[in-house]
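First up is the structure itself, then whatever we jot down about it.
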Amino acid sequence: MMIVTTDTIAGAEITEVIGYVKGGTIQTKHIGRDITAGLKGIVGGEIKGYNEMMDEARKLAIHRMVEDAKKKGANAIVGMRLQSSTVMGSAAEIIAYGTAVKFLEK
């Protein structure tokens, strides 16, 4: 599955626009990560546990978006975007979305 953030695919012709596809997940914080984050808030520095959690969440959201596109018969997704938001104090939502298309290489 080709995934691009642009509206076109360089060197290819989009032959069919299938439509909106998405994938998402909600991840909660681990108590150990919360303690580490609290300490980092005092002394400063990167919170690696949260980085790892958000990286896993992005991968899962993109995977689910790709599955949605495959079910609809697409071979590419254009205009892909990622968005995150806080759902509650200890949970974050990640959404991957874009436009499913069919394309042919020129």
Side-chain angles (χ1 to χ4, degrees):
M1 179 74 57
M2 171 82 66
I3 302 172
V4 296
T5 58
T6 56
D7 293 332
T8 61
I9 300 170
E13 176 186 353
I14 294 176
T15 59
E16 182 181 346
V17 175
I18 296 170
Y20 176 75
V21 289
K22 66 171 176 51
T25 185
I26 297 175
Q27 298 286 325
T28 59
K29 300 172 188 173
H30 181 275
I31 187 70
R33 288 180 179 158
D34 277 345
I35 292 169
T36 302
L39 293 173
K40 290 287 185 177
I42 295 170
V43 298
E46 181 179 7
I47 305 170
K48 292 181 182 176
Y50 282 155
N51 281 343
E52 291 168 4
M53 179 188 76
M54 295 304 288
D55 188 45
E56 291 170 16
R58 282 188 291 274
K59 288 177 185 176
L60 181 56
I62 290 169
H63 172 77
R64 289 178 176 170
M65 176 188 63
V66 167
E67 291 302 309
D68 188 21
K70 285 180 181 177
K71 287 178 191 173
K72 295 177 179 179
N75 64 353
I77 299 168
V78 296
M80 194 279 289
R81 301 288 185 265
L82 288 167
Q83 186 172 352
S84 65
S85 63
T86 302
V87 177
M88 53 189 228
S90 62
E93 177 182 36
I94 300 290
I95 299 172
Y97 61 95
T99 302
V101 299
K102 288 186 181 180
F103 79 100
L104 294 173
E105 291 187 37
K106 292 182 182 176

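Keep in mind it's a predicted model, so treat the numbers as computed, not measured.
Atom NZ of Lys72 is surrounded by more than 12 heavy atoms from other residues, nucleotides or ligands within 6.0 Å.
Atom CD of Glu56 is separated from atom CE of Met54 by 11.0 Å, given to the nearest 0.5 angstrom.
By the side chain to side chain contact (heavy atoms under 4.5 Å, CB included) test, Ala61 is found to be paired with Ile94, Ala96, residues two or more places apart in sequence or in another chain being considered.
Clustering ILVMFWY residues whenever any of their side-chain heavy atoms sit less than 4.5 angstrom apart, transitively, puts Tyr97 in a cluster other than the one holding Val101. Note: the hydrophobic cluster containing Leu82 does not contain Val78 (ILVMFWY, side chain heavy atoms under 4.5 Å, direct or indirect links). Under the 4.5 Å side-chain heavy-atom criterion for Ile, Leu, Val, Met, Phe, Trp and Tyr, Ile95 and Met80 are members of distinct hydrophobic clusters.
Between Asp68 and Arg64 there is no salt bridge, since none of the side-chain N atoms of the basic residue sits less than 4.0 Å from a carboxylate O of the acidic one.
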Output side-chain donor-acceptor pairs under 3.5 Å for residues 2-26, partner residues at least two apart or in another chain, one line each.
{"residue": "Thr6", "atom": "OG1", "partner": "Thr8", "partner atom": "O", "Å": "2.6"}
{"residue": "Thr15", "atom": "OG1", "partner": "Lys102", "partner atom": "O", "Å": "3.3"}
{"residue": "Thr25", "atom": "OG1", "partner": "Gln27", "partner atom": "NE2", "Å": "3.3"}

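The two residues Gly98 and Met65 make their nearest non-hydrogen contact at N-SD, 4.1 Å.
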